[in-house]
Amino acid sequence: RLALAVHDIGQGQFAAARAHLGAADAMRARDLTTALLVAWSYAGQSDLRHALDALDRVRDRSLIAFRDYHAGLIAGLLGNSGEAQRRLKSAYEADKNSLRFVDAYARVLAAQGDVAGATKVYQDFSVLVPHHPLVEQALAQLNARQPLDPLVRSAKDGAAEALYGLGSAGSRQGGDELPALVYLRLSLYLRPSNDLTAVTLASLFDQLKQGDQA
């Protein structure tokens with residue numbers, strides 16, 4: 001059902017995707033994967049209210065930053081810049097060591113004209129992780145007064161980002177690698193040109209001693 005839902009999101013069949021996910025209220029309340037994909041399916045239909053409602057059913061304190069990150073991306077995609085900044089700031093302040101949270105928050109600040117604020121967010125992260133290529137590229141663009149592209153341009157991109165986040169977290173935790181492999185492969189299906197997902201998947205195959213796949 002997960003694979004079918006992802007296929008439908010890729011085809012723009014958002015209601016069909018939700019049907020495959022079996023998006024009952026009880027399930028959405030406890031299943032982060034379902035909540036994220038249901039939310040992005042509503043985003044594909046430009047329905048911000050239902051998208052945020054699906055995400056806000058996630059109440060686990062350890063998941064709130066991840067929840068707000070995706071809520072901010074959806075709000076930004078659908079044109080609600082105030083909600084996007086509020087949610088992405090919440091995610092960033094919860095974990096300033098997360099590159100994705102840093103990058104998304106800085107980009108929304110830059111999009112709203114706060115170049116100084118965006119630059120500081122990146123520079124603060126550079127103290128923790130010097131010379132990160134993504135951060136250095138973004139800072140160079142800001143210094144040249146060039147606009148920063150949004151992290152996601154469509155609901156399909158957003159669903160891919162959700163699956164990447166789940167797979168990336170799973171690959172770092174160790175143990176059963178199968179769920180991480182599934183999430184990362186599905187993410188790459190939706191967004192085949194994403195280098196970060198490809199590198200993460202290759203690293204996981206390397207851990208599994210599957211050099212050819214890596």
Validation row: [X], [Y] side chains within 4.5 angstrom (heavy atoms):
| X | Y | answer |
| --- | --- | --- |
| Arg1 | Leu21 | no |
| Asp149 | Arg153 | yes |
| Asp157 | Trp40 | no |
| Asp103 | Leu134 | yes |
| Gln45 | Arg18 | yes |
| His7 | His20 | no |
| Arg86 | Ser90 | no |
| Tyr42 | Arg49 | no |

How long is the span from the [atom1] atom in [X] to the [atom2] atom in [Y], to the nearest 0.5 Å?
| X | Y | atom1 | atom2 | answer |
| --- | --- | --- | --- | --- |
| Gln213 | Leu204 | CD | CG | 11.0 Å |
| Gln146 | Gln137 | CD | CD | 9.5 Å |
| Ser203 | Leu208 | OG | CG | 9.5 Å |
| Glu93 | Leu88 | CD | CG | 11.5 Å |
| Arg61 | Arg67 | CZ | CZ | 10.5 Å |
| Asp68 | Arg87 | CG | CZ | 5.0 Å |

Considering all heavy atoms, the nearest [X]-[Y] contact:
| X | Y | answer |
| --- | --- | --- |
| Leu142 | Ala110 | CD2-CB, 3.9 Å |
| Ala91 | Ala65 | CB-O, 3.4 Å |
| Ala43 | Leu78 | O-CD2, 3.6 Å |
| Tyr164 | Arg191 | CB-NH2, 4.4 Å |
| Ile9 | Ala155 | CG2-O, 4.5 Å |
| Ala198 | Leu188 | N-CD1, 4.0 Å |

Taking [X] for the side chain and [Y] for the main chain, is one N or O donor matched with an acceptor at less than 3.5 Å?
| X | Y | answer |
| --- | --- | --- |
| Gln85 | Leu109 | no |
| Asn143 | Leu139 | yes |
| Thr119 | Val115 | yes |
| Ser187 | Tyr183 | no |
| Ser41 | Val38 | yes |

*asked:* Please determine whether side chain to side chain contact (heavy atoms under 4.5 Å, CB included) holds for the pair Val58 and Phe66, giving the CA-CA distance in whole Å, both sets of side-chain angles, and the decisive distance to 0.1 Å.
replied: CA-CA 10 Å; Val58 176; Phe66 196 54; over 6 Å; no
In one Ile/Leu/Val/Met/Phe/Trp/Tyr side-chain cluster, 4.5 Å: [X], [Y]:
| X | Y | answer |
| --- | --- | --- |
| Leu163 | Val199 | no |
| Leu4 | Leu186 | no |
| Tyr92 | Leu148 | yes |
| Leu52 | Ile64 | no |
| Tyr122 | Leu99 | yes |

_CA sep, side-chain torsions, deciding dist, call: His70, Glu161, side chain to side chain contact (heavy atoms under 4.5 Å, CB included)_ = CA-CA 9 Å; His70 281 276; Glu161 177 69 15; 3.9 Å; yes
*Hey, would you say the Phe101 and Tyr69 ring centroids sit under 6.0 Å apart?*
yes
*With the threshold set at 4.0 Å, does a side-chain nitrogen-carboxylate oxygen contact exist between Lys120 and Asp114?*
no
_Before you tell me yes or no, could you show the steps for Val6 and Tyr189 under side chain to side chain contact (heavy atoms under 4.5 Å, CB included), namely the whole-Å CA-CA distance, both residues' side-chain angles and the distance that decides it to 0.1 Å?_
CA-CA 9 Å; Val6 169; Tyr189 166 77; 3.9 Å; yes
_side chain to side chain donor-acceptor pair (under 3.5 Å) between Ser98 and Asp95, worked out_ = CA-CA 6 Å; Ser98 166; Asp95 184 3; 4.7 Å; no
*Verdict with reasoning, His50 to Asp53, per side chain to side chain donor-acceptor pair (under 3.5 Å)*: CA-CA 5 Å; His50 281 102; Asp53 179 64; over 6 Å; no
*Test salt bridge (charged side-chain N to carboxylate O under 4.0 Å, His left out) on Asp124 and Lys96 and set out the steps.*
CA-CA 9 Å; Asp124 288 348; Lys96 295 182 180 181; over 6 Å; no
